[in-house]
Amino acid sequence: MSLAIFSIGLLGTVCGLGLGWAAKSLRAETDPIVDRIDRLLPQTQCGKCNFKGCRPYAEAIAAGQAEINQCPPGGEAGIRALADLLGREPLPLNPANGLEKPAAVAVIDELVCIGCTLCIEACPVDAILGATKQMHTVIAAECTGCELCLPPCPVDCIVMEIPEAIDRRRRPRPALAAGAS
Amino acid sequence: MQDSAVERARNAGKRLFHFHGGLRLHHHKQASCQVAVQSVAIPPRLYIPLMQHAGPEATPLVGTGAHVLKGEPVARFNEPSIGYVHAPTSGTIAAIARQAITHPSGLEGLCVVLKPDGLDRWTRLQPMEHWQSADPELIRQRLCESGIVGLGGAVFPTSRKVEEARNFGIHTLILNGAECEPYISCDEMLMREQPDKVVLGALILQKAVAAEQVIIAIEDQMEEVFSALQAAISNADCTHMRLVKVRTIYPEGGEKQLIQVLTGLEIPAGCRPPELGLLCQNVATAAAVAEAVTEGKPLVQRIVTVTGNGVKRPHNLLALIGTPISTLVDACGGYTHDAARLVLGGPLMGYALASDQNPVIKAANCILVLSNRDIQSDQAEMPCIRCGECARVCPALLLPQTLNWQIRNDLLDDASDSGLGECIECGCCDYVCPSHIPLAEWFRFGKSEHQLLAMERSQSNLARDRYLAREARLEQLKQDRERRLGEKKQALRDRTSVTGGTMGQGPA
């Protein structure tokens, strides 16, 4: 009898210590659900969701302070992915946040640019290069197409351009014949 | 384990093995093998695409109106270890414009349009006289400058392959002459007509990668090729070269399948043959290597099989890169009345072309013109009945029905986990599917979608990193400003208290 009590007690102590240690040293630094939501967001950092960037929006969704249909660049596919992750019903995109558009990059008309640096300050991903009274230019590979540089420009020299088919390796989706699974 | 694998790789070809699956197919090669290879007349315009293989387009080096000689570079790639695009004949540059290029996407690409002057004058050629004693690095550079790519269909830059092979250390060079796909016979004709060039190319490649032995693998039904190559090998007096006949089963000409047949080893997923000390090259590539090194000629032409029921006189033709496909078809007597579809490549791995104005590219081993009765399907696509025939024939040991289901449902990551990247797109599953599901087509689509997805992901990861870095920087700046402000305030406060203490009153 005493042996049973002792062994179960010992087992409980060992498990308790193990759990206590795991809770301290294996603790996740950040909320893993925020990371997972953040991974599904397009990282445009455009702020159309009414948050400062994709990560703050992910935190708000995780905290239940925002709906999943506020991200226009993510579009319907993004909403579906979020709904799948969170086990919710997909909602239609909230038109108050904007409309889904094809991906574009900002292009500065370098003849018109006066070098005011306002767009550089506005760019959330530091994708604009330039200095005061020097010509500015967009690093196309790093531009997310957030459009945040458009309103501050005093001479309206920035336009959004849809890059031509970047990838020629793309293949057409095979035609779905009637009755196919 | 590793040692025994290398040991088996060294004994390649001494005993033959099998790979999983595969098909025995009708050859349809006789039609185009009856007559010798003929040259095609130079067409009035050549369209040389600047996108020759995976990766970005080459940058033009010449402007419109410039006169170029045959073999002169007209564009160069910005990446090291990929060389130039060369002018296939002498003439003037008529334009550098977007044209339909020969590509499965059907999209347009930048092309150099060359108006030949009809003289076909070579630029000054610089053969490597003493390649036997040359530095292997010089040979590799020559391959790079000459624009040599794998002519088996993948058009991977040969100099890069050689470089990679040298890094791993190669003991066996395998020349792939097992042209397994039906209808295609360009390699067979090349080996029959120019066996010496193939053997010479093999020796040069052997020198470039410092391989101990060379194995030339051909199909067991290529009798004429066997005797021609045998004679060439004994002429060249090379003791480290062996000719091996492999059993004709489609797709034994695939790199990994051929290695499995010769060594019994499977190349692990995600690995490449050099990791086992093996290097695989196509026989046509070897011939191009021989021309580049001993004659100094860059790769500006290739043998193309023009065949199928839709063409009047099937032939193998020696065509300049950039020749419109219609010129080739005309050289074969034109289309028959029931020609219905133009395919680049063979019936299993090729892709349909939208127009016969598309140019011949380095990857164009075969132009297959199918007639109406070839393409008529006896039954429409039906739902999958889970019969498993596709898995039984898959040479890459995949489960095509699972992949099919995953790709159709946009589960691209799952498909990738199921080994989509290992699919060689041979089309065996397609061929046996009783429900006529275009499986290989779905896999090609899935691969390209997954590639795009990976690209999007890396882009969004970059954006996330840059956003977080900027936020951190702004936060740091804010803190610094606050700290400086606090210090100033503190200093001001200290000064007022000090001055107030000593003089009894502050400034008015």
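No hydrogens, no waters, no symmetry mates; every other heavy atom, side chains included, goes into these values. Below, read A as the first sequence line, B as the second, and so on, with proteins coming before strands; counting in each chain starts at 1.
- No part of B:D465 comes within reach of chain A, as not one of its non-hydrogen atoms sits under 4.5 angstrom from that chain.
- The distance from the CG atom of B:D410 to the CZ atom of A:R80 is 8.0 Å, given to the nearest 0.5 Å.
- Between A:D126 and B:R470, at least one side-chain N (NZ, or NE/NH1/NH2) sits under 4.0 Å from a carboxylate O, which counts as a salt bridge.
- Other residues, nucleotides and ligands place no more than 12 heavy atoms under 6.0 Å from the OH atom of B:Y431.
- More than 12 heavy atoms of other residues, nucleotides or ligands lie within 6.0 Å of CZ in B:R160, so this atom counts as buried by the packing criterion.
- Annotation: A:R88, atom CZ; neighbour count of heavy atoms from other residues, nucleotides and ligands within 6.0 Å is above 12.
- Counting only heavy atoms from C-beta outward, the side chains of A:K52 and B:E471 approach each other to under 4.5 Å.
- Between A:G53 and B:Y467, the shortest heavy-atom contact is CA-OH, 3.4 Å.
- Proximity to chain B (any heavy atom under 4.5 Å) is restricted, for A:A141, to the backbone atoms N, CA, C and O.
- In this structure, no portion of A:C143 lies under 4.5 Å from any heavy atom of chain B.
- Nearest heavy atoms, B:A463 versus A:V125: O-CG1, 3.5 Å.
- The number of heavy atoms from other shown groups lying within 6.0 Å of CD (A:E89) does not exceed 12.
- Shown here for B:L468 and A:R55, the closest heavy-atom pair between the two residues is CD2-CD, 4.3 Å.
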- Message: The test is side chain to side chain contact (heavy atoms under 4.5 Å, CB included); show your working for A:R39 and B:R464 and say whether it passes.
- Response: CA-CA 9 Å; A:R39 270 204 292 276; B:R464 180 188 297 117; 4.0 Å; yes
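- Remark: A:L17 pairs with A:T13 by the side-chain contact (heavy atoms from CB on, under 4.5 Å) rule, at least two apart or across chains.
- Neither the backbone nor the side chain of B:E456 has a heavy atom closer than 4.5 Å to any heavy atom of chain A.
- Scanning both residues, A:P42 and B:S460, for their nearest heavy atoms gives O-CB, 3.5 Å.
- Of the atoms belonging to A:P56, it is side-chain heavy atoms, and not backbone ones, that fall under 4.5 Å from chain B.
- With a 4.5 angstrom heavy-atom cutoff, B:R457 does not touch chain A via any of its atoms.
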